[in-house]
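Notes to accompany the following structure.
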Protein chains: 2
Amino acid sequence: MTGPETPRRRSDVTRTAILEAARERFASDGYDRATVRAIARDAGIDPSMVMRYYGSKEGLFAAVIDVELDFPDLGELDPDRLGVVLVTHFLELWERDTVLRTLLRVGVTNESGSDRLRQVFATQLVPAARAFVPDPADAERRAALVASQVLGMALVRYVLKFGPAADMSRADVIAWLAPTVQRYITAEAP
Amino acid sequence: MTGPETPRRRSDVTRTAILEAARERFASDGYDRATVRAIARDAGIDPSMVMRYYGSKEGLFAAVIDVELDFPDLGELDPDRLGVVLVTHFLELWERDTVLRTLLRVGVTNESGSDRLRQVFATQLVPAARAFVPDPADAERRAALVASQVLGMALVRYVLKFGPAADMSRADVIAWLAPTVQRYITAEAP
DNA sequence: ACTGTAGGCCAACACCCGTTGACCTCCGCG
DNA sequence: CGCGGAGGTCAACGGGTGTTGGCCTACAGT
């Protein structure tokens with residue numbers, strides 16, 4: 001489905017140039033406004049090469065939104081520090097590259113974008129939560145609460161760029177959000 | 001502001017028909033995918049009428065995103081119930097009409113949409129927070145934290161439609177989010 | 001009854017999009 | 001040396017977009 005695992009070719013340079021340009025364009029413009037022509041221009045090649053290598057705009061997009069939340073080893077962790085560790089990890093994830101920003105930006109308007117976002121939620125966040133919640137039966141609900149706070153902060157801080165949210169230091173964000181996330185995961189249901 | 005007014009001219013009927021169709025299209029499709037032609041078709045008129053009455057697509061959009069958060073009277077409220085009252089109010093707001101959904105959807109891709117969103121934040125949420133935070137100097141930061149949680153829940157529940165978030169009852173959402181919001185507003189800075 | 005005008009439709013314009021297929025240009029290998 | 005194919009360009013197609021201006025029509029004021 002995703003990722004044609006072809007061996008190394010001489011055209012890999014162009015291939016990755018397209019991918020890199022696409023990452024930035026999709027991240028900053030969203031799916032609709034990011035045109036194949038603009039991506040090709042950024043990559044310094046002809047638009048038709050995009051089609052040759054990725055089949056279609058949808059195919060290129062699918063190659064871009066291949067995201068791994070890539071949690072650290074939570075197994076041997078003091079459960080009281082879960083909130084701090086998770087929020088710290090998410091902040092790093094958002095600041096490291098553009099893929100999550102892309103996914104958020106596109107997930108809001110594009111169906112295949114929100115599909116992918118739901119999939120990441122279901123296959124990566126929910127299982128991670130399952131190991132720590134008091135009752136595995138409501139792991140989904142607790143993961144959704146965590147997602148609401150983490151995505152919400154990412155939204156106001158990195159996408160909408162609300163002044164006060166964007167200006168907060170990482171330490172402050174962690175200090176404020178960690179207790180919230182901690183409670184959503186470990187607290188007794190209200 | 002917006003009420004059922006008896007149309008003095010025949011054109012007022014068309015005018016509001018366009019506005020109503022635009023509200024739904026922008027809410028469900030976002031700015032780019034909501035085409036003037038589709039809106040006109042929904043309203044049962046010709047696309048050129050949209051231009052006649054609203055000047056441009058951008059002008060029509062500006063008429064759509066006229067939002068009032070319209071807080072209840074918070075003045076004579078037990079400060080301990082602030083979280084519950086605020087979360088309840090926001091849930092009602094999101095479920096009452098489509099304008100906030102539109103704003104969120106468009107704010108993520110469209111510059112004039114996120115401008116408007118920042119403006120609502122600065123002129124309506126921040127002042128409301130200022131009355132309750134311990135130190136008025138960091139009202140902006142606390143309002144941003146509240147916005148991150150409230151917008152985040154709206155995002156996963158109403159826009160991305162994460163199963164567990166969409167299925168939660170209103171009472172459960174309030175029970176989980178109210179303490180968070182309460183803390184963001186009234187707690188001592190960490 | 002006549003007519004000016006507001007309300008509405010139709011067809012077209014200029015532009016941009018994703019996508020396609022014909023063509024060119026090297027370079028490695030026989 | 002010949003040549004086949006990979007890597008790349010170019011121009012075009014069909015369709016959709018926001019927007020414009022000319023034309024029709026029904027009704028209100030005289």
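Order of the sequence lines fixes the chain letters, A, B, ..., with proteins taken first and strands second; residue numbering starts at 1 for each chain.
A close approach under 4.0 Å does occur between a side-chain nitrogen or oxygen of A/T14 and OP1 or OP2 of D/dG8.
Here B/Y53 lies in heavy-atom contact (under 4.0 Å) with sugar-phosphate atoms only.
Defined by atom type and a distance below 3.5 Å, a donor-acceptor pair is missing between the side-chain atoms of B/T180 and A/Q149.
As rounded to whole Å, 18 Å separates atom P of D/dT17 from atom CZ of B/F61. One can place CD1 of A/I39 at 17 Å from P of C/dC16, the figure rounded to the nearest angstrom. One can place OH of A/Y31 at 12 Å from C1' of C/dC17, the figure rounded to the nearest angstrom. One can place CZ of A/R15 at 11 Å from P of D/dG8, the figure rounded to the nearest angstrom. B/D12 places its CG atom 10 Å from the P atom of C/dG8, with the value rounded to the nearest Å. One interatomic measurement links the two molecules: CG of B/D32 to P of C/dC16, which rounds to 15 Å at whole-angstrom precision. Rounded to a whole Å, the CE atom of A/M49 is 6 Å from the P atom of D/dG8. At whole-Å resolution of the value, CZ in A/R41 and P in D/dT9 are 14 Å apart.
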Show the distances under 3.5 angstrom between N or O atoms of the protein and N or O atoms of nucleotides 19-21 of chain D.
| residue | atom | partner | partner atom | Å |
| --- | --- | --- | --- | --- |
| D/dT19 | OP2 | B/K57 | N | 2.7 |

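Counting heavy atoms from C-beta outward, A/L145 and B/M153 have side chains that approach closer than 4.5 Å. Looking at A/S148 and B/R157, their side chains never come closer than 4.5 Å, going by heavy atoms from C-beta outward.
Put simply, CG on B/L177 and CG on B/D172 are 11.0 Å apart, with the number rounded to the nearest 0.5 Å. Between B/L151 atom CG and B/L100 atom CG the span is 8.5 Å, to the nearest 0.5 Å.
Shortest non-hydrogen contact noted between A/V67 and A/R116 is N-NH2, 3.6 Å.
Between A/A38 and A/R52, the residue anchored nearer the 5' end of DNA chain C, judged by the nucleotide with its closest heavy atom, is A/A38.
In the displayed structure, A/R170 atom CZ is contacted under 6.0 Å by more than 12 heavy atoms of other residues, nucleotides or ligands.
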